[in-house]
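Okay, structure first, notes after.
Position 1 is the first residue of the sequence; numbering continues from there. Just so it is clear, the structure is predicted and the values come from calculations on it, not from any experiment.
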Amino acid sequence: MKVALITLLIVLSSVIAEKHEAAQPIEAQEGGKAPLQYRTNPPTNLENDTLTCKRLDGNFSDLNSYIYSRRLGQEHPQPPMEQYRNRTRLVLEDLRKGIVTLEIFPAHSSDSGRYKCFIRKQNITFNFTIVDAEPTKHPNMMGIPIAVFAVLVLVLVLVVIFRWNVIKPWLSNIVRRRRDKEESSEKETLKTQEAERDEQALQWSSQKRGAGGRQRIPSVGTGGGSDDR
């Protein structure tokens, strides 16, 4: 009776002393890495501790629920589930720092579920829940050249507008000078044409007067001859 009572007290004390940590959500992408990690406080060397990690939900076909186990420095004293075989790795360097880092790689969508890890000497239980992470949306590489081209076009338009505002007065001045020159040239041409017309008119008038004088001289001579008779 006393032995049974002592055993019951030991079991109850171990249950009460056992530390439970809230489940930590772990996001994992298909083909990526799902790290299950726990840090002891204060940091304690866990190299020689017994560690077991199990799958808690029923989302698996193997009756063995272990995904990883370690005892006295030896891995897998309990055979892992077939679907986790060769896909779990414990980072031994972290154990000396009091950190349990168990990686599942590559992660599968079927790994989504609840997990429980237990450190026997520390009497610590910590839980994880692996959920599917949304795939990373890669930027549309085709959109980058289009955006760059649009920016270049915009810059070119701004440069043209800016230069046009600078060049426009200069061009207007050139156009105005050319127009003034053309108008001046036209005026000079008109003056020359008018002078030529005036000169031609004078020549024509002189020729006409000369022709009229030659016609009157014979008529005077004829008249005089008739008078002598």
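Two residues are said to be in side-chain contact when any heavy atoms from C-beta on lie closer than 4.5 Å; Ile99 and Leu46 fail this criterion. Put simply, the side chain of Tyr115 does not reach to within 4.5 Å of the side chain of Asp57, judged on heavy atoms. Between Arg70 and Leu92, some side-chain heavy-atom pair lies under the 4.5 Å cut-off. Side-chain atoms of Pro43 and Lys97, non-hydrogen and from C-beta on, never get closer than 4.5 Å to each other.
No donor-acceptor pair under 3.5 Å is formed between the side chain of Ser205 and the backbone N or O of Ala201. Proximity of a side-chain donor or acceptor of Ser206 to a complementary backbone N or O of Leu202 within less than 3.5 Å is detected. Formation of a donor-acceptor pair under 3.5 Å by the Thr101 side chain with backbone atoms of Val91 is not found in this model.
Hydrophobic clustering, with ILVMFWY side chains joined whenever heavy atoms are under 4.5 angstrom apart, keeps Phe128 apart from Val131.
Between Arg179 and Glu182 there is no salt bridge, since no side-chain N of the basic residue sits under 4.0 Å from a carboxylate O of the acidic one.
In this structure, OG1 in Thr44 is found 8.0 Å from CG in Asp49, a value given to the nearest 0.5 Å. Lys116 contributes atom NZ, which lies 13.5 Å from atom CD1 of Ile67 (distance to the nearest 0.5 angstrom). With rounding to the nearest 0.5 angstrom, the CG atom of Asp132 is 9.5 Å from the CD atom of Gln29.
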